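Scroll down for the structure; my scribbles are underneath it.
Please read all numbers here as calculations on a predicted model, not as lab measurements. Residue indices begin at 1 and follow the sequence shown.
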Amino acid sequence: MKKRLLSTFIVIVLLFSFCSVSFASTDDGNAGIVPYSTHSVLFTIDRASSTVANAAIVVEFSQTVDTFSVVVYLQKYSGGEWVTDYTNDDYVIYNNGIKKDQFIFTNKYTGLTRGTTYRLKCVSRDYIGDNVHIATSYSHSF
């Protein structure tokens, strides 16, 4: 009985020793976490033909940002690596905005090369006050 009680006590002590508590605060000393960042980037791409693709990108911020800049690059797989496709007129498209919690981008890519694999690279930069957050996301290949 004594061994069983001691074993149970040790298990309880070990169990509680794995629990931890953490606190976060901002640099100015205020308690709490200030979320500011690109929360998610959603890609929808439809390769309409071998030379045309329709793309929609939704960039969601975790809260309303003061300003943002979203840049979308068309990349192609060439020579064993992903490179920006400078031969396409729409190789880079960007939008800047203020006071938003979401940005929606749509584009029709034409002049794609037959037999070439493409993807989109999305770089989102958002600002709240003096804080800046940069997030880079990639679509699936198409």
[atom1]/[X] to [atom2]/[Y] distance, rounded to the nearest 0.5 angstrom?
{"X": "S139", "Y": "Q75", "atom1": "OG", "atom2": "CD", "result": "8.5 Å"}
{"X": "N54", "Y": "F142", "atom1": "CG", "atom2": "CZ", "result": "10.0 Å"}
{"X": "E60", "Y": "S40", "atom1": "CD", "atom2": "OG", "result": "4.0 Å"}

T64 meets the side-chain hydrogen bond (donor to acceptor under 3.5 Å, both in side chains) criterion, sequence neighbours left out, with none

For T44, the side-chain hydrogen bond (donor to acceptor under 3.5 Å, both in side chains) test, sequence neighbours excluded, returns none

With a 4.5 Å limit on heavy-atom distance, are the side chains of T67 and D126 in contact?
no

Give the other cluster members for Y77, using side-chain heavy-atom distances under 4.5 Å between Ile, Leu, Val, Met, Phe, Trp and Tyr residues; answer none if it is isolated.
W82

Clusters formed by hydrophobic residues whose side-chain heavy atoms approach within less than 4.5 Å: which one holds I104, and what are its other members?
L42, V58

Quickly, which of F43, Y138, F105, Y73 forms a side-chain contact (heavy atoms from CB on, under 4.5 Å) with C122? Name it, please.
F43

Show me the side-chain donor-acceptor pairs of residues 85-93 shorter than 3.5 Å, one per line, residues at least two apart or across chains.
unit_1	atom_1	unit_2	atom_2	d
D85	OD1	T87	N	3.3
D85	OD1	T87	OG1	2.4
N88	OD1	D90	N	2.8
N88	ND2	T110	O	2.8
D90	OD2	N107	ND2	3.4

Pairing residues for D66 by the salt bridge (Lys or Arg N to Asp or Glu O under 4.0 Å) criterion, not counting sequence neighbours
K99

Set of ring pair (Phe, Tyr, Trp, His ring centres under 6.0 Å) partners for F68, sequence neighbours left out
F61, F103

Using the test ring pair (Phe, Tyr, Trp, His ring centres under 6.0 Å), find all partners of Y118 that sit at least two apart in sequence or belong to another chain.
none

Check step by step if side chain to side chain contact (heavy atoms under 4.5 Å, CB included) holds for L74 and T84.
CA-CA 6 Å; L74 177 65; T84 302; over 6 Å; no

Qualifying residues under side-chain contact (heavy atoms from CB on, under 4.5 Å), relative to V83, sequence neighbours excluded:
K76, S78, E81

Using only atom types and a distance under 3.5 Å, with no angle test, would you say the side chain of R114 pairs donor to acceptor with the backbone of S50?
no

